[in-house]
Protein chains: 2
Amino acid sequence: MGNGPIQNRKRRATSYDVARLAGVSQSAVSRSFKPGASIAPETRDRVMAAATRLGYQPDAIARGLITKRSGIVAILISNLTNLYYPEVLAELSQELSARDMRVLLFSLANESEVDRVLDQIWRYRVDGVISAARLTDAQIRQFGERGVPLVLYNRAAETVPCASVSCDSAGGERELVTRLLDVGHARFAIVAGPEDSTVGEERVAAARALLERAGHPDVPLARGRYSYESGEACMRELLRQGPAPDAVICANDVMAIGAMDAARAHDLRVPEQISIVGFDGVAPARWASYRLTTIRQPVRRMTRAAIAMLAERIDNPDLIAERRVFSGELILGASARIPAAQDYR
Amino acid sequence: MGNGPIQNRKRRATSYDVARLAGVSQSAVSRSFKPGASIAPETRDRVMAAATRLGYQPDAIARGLITKRSGIVAILISNLTNLYYPEVLAELSQELSARDMRVLLFSLANESEVDRVLDQIWRYRVDGVISAARLTDAQIRQFGERGVPLVLYNRAAETVPCASVSCDSAGGERELVTRLLDVGHARFAIVAGPEDSTVGEERVAAARALLERAGHPDVPLARGRYSYESGEACMRELLRQGPAPDAVICANDVMAIGAMDAARAHDLRVPEQISIVGFDGVAPARWASYRLTTIRQPVRRMTRAAIAMLAERIDNPDLIAERRVFSGELILGASARIPAAQDYR
DNA sequence: CTGTTAGCGCTTTCAA
DNA sequence: TTGAAAGCGCTAACAG
């Protein structure tokens with residue numbers, strides 16, 4: 001304890017306490033803590049000394065009441081168990097903290113909670129919101145009405161203009177499918193995500209369109225819920241339904257991993273007998289047992305962009321909506337018969 | 001829009017606005033929103049009607065200023081990329097939200113950030129803190145001095161009494177090692193976590209103690225950083241150093257998974273030639289390519305306990321410190337030669 | 001550069 | 001049951 005801050009247990013020191021101890025006015029204390037405020041270096045030192053003695057820190061809550069800035073950004077995530085989202089959350093959290101903003105986390109077990117969460121968001125006067133959860137257009141509109149900056153992560157609004165960052169699902173999927181076609185895969189199948197997943201549907205639609213144009217209409221499709229187990233189940237379903245496919249396109253990595261395990265359980269060798277590709281580029285996709293061929297989302301670039309856009313909008317709420325779409329990076333793993341291809345186009 | 005709330009863009013409605021519209025005093029509005037306050041049902045209805053028309057919600061920030069309760073709990077997590085923590089975070093977040101508390105998330109890239117984070121915590125007047133990050137005793141003491149309730153998750157304080165929940169590392173590890181010994185494993189090796197990880201060291205110490213007593217002193221040990229890559233590297237190191245072990249005890253699942261892949265890359269069959277065990281019970285440990293034998297932490301029970309303890313201490317700050325230790329559950333996967341053993345004891 | 005003063009939006013006595 | 005009034009701890013004009 002020796003030279004630790006003196007302090008009556010419990011009651012925390014206020015700026016008045018510090019002012020009294022330093023022999024200055026309360027506003028001098030306030031100014032001492034505001035960078036660039038007009039205060040004599042000498043007074044400031046006295047104040048700071050008193051502050052540390054009392055263990056004083058300006059109260060962010062009280063400050064927010066008057067500055068209209070809480071320093072808090074809310075993050076909405078639908079399901080943290082998705083394996084892709086923890087990576088996103090870690091990046092967001094890191095970068096926000098570097099920019100001196102705090103994260104109020106809302107993880108939704110299901111979509112119906114959104115309204116309840118929005119209520120909380122209004123009450124806490126957050127400076128802005130990054131949402132990796134599905135929002136209806138009506139919900140998005142509320143942000144506009146209340147003047148709370150919003151950036152969507154990996155989703156987009158249907159009819160309302162709204163700032164967003166995302167990874168080019170269609171482009172990435174087309175790259176994968178083109179490669180698969182080029183080396184002569186012939187019996188395709190798709191493991192899709194839930195129908196209400198925008199990115200999932202984009203990926204599937206892009207794959208299908210390309211396949212159709214290449215003379216593969218009516219590709220068999222099974223729907224999972226983005227989980228490992230559902231990936232396994234989808235693969236089993238596809239194998240049961242007809243002749244084994246020689247290329248399976250999965251809407252995300254985790255299902256692709258489940259699909260690989262299920263295929264192997266059916267004594268199919270990956271990629272010799274069956275190619276399997278995913279999407280996202282999560283860590284386990286790189287594990288030696290899988291070495292998944294996939295499209296890696298540039299998570300860090302995307303999160304940084306999201307935060308930059310949000311910060312801009314916090315400073316200038318009337319900024320026009322903008323969508324930033326990043327290309328994913330093709331990761332040539334070992335789960336698909338695709339040539340390493342340097343001079344590829 | 002039709003019957004949506006009327007509202008001048010940007011400036012949010014205050015209790016005064018509502019009061020005026022409802023033709024009551026501002027304090028009547030306040031009371032209407034406080035459950036169990038003395039207010040005539042009829043007035044309350046008028047107020048509520050006005051409130052919805054204006055899209056009014058009591059401002060949590062302003063309320064906190066006077067009630068001394070922010071409704072916010074801070075969660076500290078060291079590294080979200082650990083795969084075990086997202087599961088914990090998801091549970092914590094879920095349960096806190098059910099109890100009408102918000103989560104302020106602090107994810108630390110490294111231990112040196114702790115002090116910076118604590119500063120923020122004091123400023124935001126959080127009602128309490130759950131820490132799954134390492135705190136020094138001096139840091140823990142600050143919580144006591146400031147009267148901020150703290151519950152440690154999977155760690156414990158050295159010399160300061162402090163509320164905590166954890167999983168019985170030693171007990172779990174002993175169960176694993178006993179089984180391995182019983183079936184005659186003879187050449188053990190350990191893949192440990194970083195030296196500054198308390199749980200990691202507990203697990204390793206328990207395993208070593210038991211092995212020593214069983215006539216296996218000086219078990220070779222390699223240190224990883226809890227990541228897949230480091231698990232792989234450790235296994236390679238162990239294989240390089242001497243005769244291949246027939247049982248490898250890993251301080252967590254992710255390293256065990258890395259170790260399995262590395263062992264297989266060396267053409268060792270798991271578990272026939274080498275048994276590998278982990279700790280935690282994360283989702284990928286159940287994947288068909290691994291089916292890891294491990295100890296599963298009862299995450300939901302632990303998180304619920306942590307929150308219950310925190311809530312108690314928020315209501316009664318002087319509550320005595322308590323440690324709750326939960327037993328892990330042995331998961332018999334297929335990564336170790338251990339009999340299914342029903343009548344085991 | 002410094003102190004005085006007026007709030008931010010709310011809850012909570014205290015009388016009526 | 002209700003309204004008036006006094007703050008919670010702070011920042012931001014405004015004079016001095």
Side-chain angles (χ1 to χ4, degrees), chain A residues 7-8 10-48 50-51 54-72 122-127 146-147, chain B residues 7-8 10-48 50-51 54-72 122-127 146-147:
Chain A
Q7 160 137 355
N8 311 7
K10 312 296 130 104
R11 193 179 106 50
R12 48 186 282 165
T14 74
S15 55
Y16 281 93
D17 301 327
V18 177
R20 200 174 323 119
L21 183 58
V24 296
S25 77
Q26 180 272 337
S27 45
V29 176
S30 173
R31 277 197 282 269
S32 301
F33 278 89
K34 178 175 180 174
S38 82
I39 184 106
E42 184 204 291
T43 356
R44 185 207 192 86
D45 290 347
R46 272 228 310 294
V47 168
M48 289 319 216
L54 296 175
Y56 169 81
Q57 305 273 103
D59 182 323
I61 298 294
R63 166 185 287 178
L65 196 53
I66 181 152
T67 57
K68 267 90 170 70
R69 283 281 180 79
S70 60
I72 295 179
W122 312 143
R123 290 167 108 104
Y124 278 88
R125 311 174 142 235
V126 300
D127 293 343
R146 306 210 176 225
Chain B
Q7 159 138 359
N8 312 8
K10 310 296 129 102
R11 194 180 103 52
R12 50 185 283 165
T14 73
S15 54
Y16 280 93
D17 301 327
V18 177
R20 200 175 322 117
L21 183 59
V24 296
S25 77
Q26 179 272 337
S27 39
V29 175
S30 172
R31 279 197 281 268
S32 300
F33 278 89
K34 178 174 179 174
S38 83
I39 184 112
E42 185 204 290
T43 358
R44 186 207 191 86
D45 289 348
R46 274 228 309 293
V47 169
M48 288 320 216
L54 296 175
Y56 169 81
Q57 305 273 103
D59 182 322
I61 298 295
R63 166 184 286 178
L65 195 53
I66 181 153
T67 59
K68 267 85 171 74
R69 281 283 180 79
S70 60
I72 294 178
W122 312 142
R123 291 166 110 106
Y124 278 88
R125 309 176 143 236
V126 301
D127 292 343
R146 305 211 177 225

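The sequence lines fix the lettering, A, B, ..., with proteins before strands; numbering per chain opens at 1.
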In whole angstroms, how far is the [atom2] atom of [N] from the [atom1] atom of [X]?
X	N	atom1	atom2	answer
B/R125	D/dG9	CZ	C1'	7 Å
B/D17	C/dG9	CG	P	9 Å
A/Y124	C/dG9	OH	C1'	15 Å

**Request:** Could I get the full list of side chain to side chain donor-acceptor pair (under 3.5 Å) partners for B/T14, not counting sequence neighbours?
**Result:**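 Checked B/T14 against side chain to side chain donor-acceptor pair (under 3.5 Å); zero matches.
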**Request:** Tell me, please, which residues at least two apart from B/S25 pass side chain to side chain donor-acceptor pair (under 3.5 Å).
**Result:**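 Partners of B/S25 by the side chain to side chain donor-acceptor pair (under 3.5 Å) criterion, ordered by chain and then number, come out as B/S27.
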**Request:** Indicate for each nucleotide in nucleotides 10-16 of chain C, in 5' to 3' sequence, whether protein heavy atoms under 4.0 Å reach the base (B), only the sugar-phosphate (S), or nothing (-).
**Result:** BBB----
**Request:** Could you tell me whether a side-chain N or O of B/R46 sits under 3.5 Å from a main-chain N or O of B/V24, the two making a donor and an acceptor?
**Result:**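 Checked: no pair found.
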**Prompt:** Picking from C/dT2, D/dT2, D/dG3, which would you name as closest to the side chain of A/I39?
**Reply:**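 Closest nucleotide to the A/I39 side chain: C/dT2.
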**Message:** Pick the closest DNA chain D nucleotide for B/L65 and for B/A40 by heavy atoms, then say which residue is nearer the 5' end.
**Reply:**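 By nearest-heavy-atom nucleotide position, the 5'-most residue is B/A40.
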**Request:** Could you check whether A/R69 gets within reach of a base, just the sugar-phosphate, or nothing at all, counting any heavy atom under 4.0 Å?
**Result:**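 Since no nucleic acid heavy atom lies under 4.0 Å of A/R69, the category is nothing.
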**Request:** Name the nucleic acid region contacted by A/R44, choosing base, sugar-phosphate or nothing; use a 4.0 angstrom heavy-atom cut-off, strictly under.
**Result:**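 No contact.
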**Separation of B/R63 CZ from B/F33 CZ (nearest 0.5 Å)** =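 Those atoms lie 9.0 Å apart.
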**Request:** Drop me the distance from B/S15's OG to B/L54's CG, to the nearest 0.5 angstrom.
**Result:**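 Between atom OG of B/S15 and atom CG of B/L54 there are 11.0 Å.
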**4.5 Å side-chain heavy-atom contact, A/R44 and A/V47** =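 They are not in contact (no side-chain heavy atoms under 4.5 Å apart), so the answer is no.
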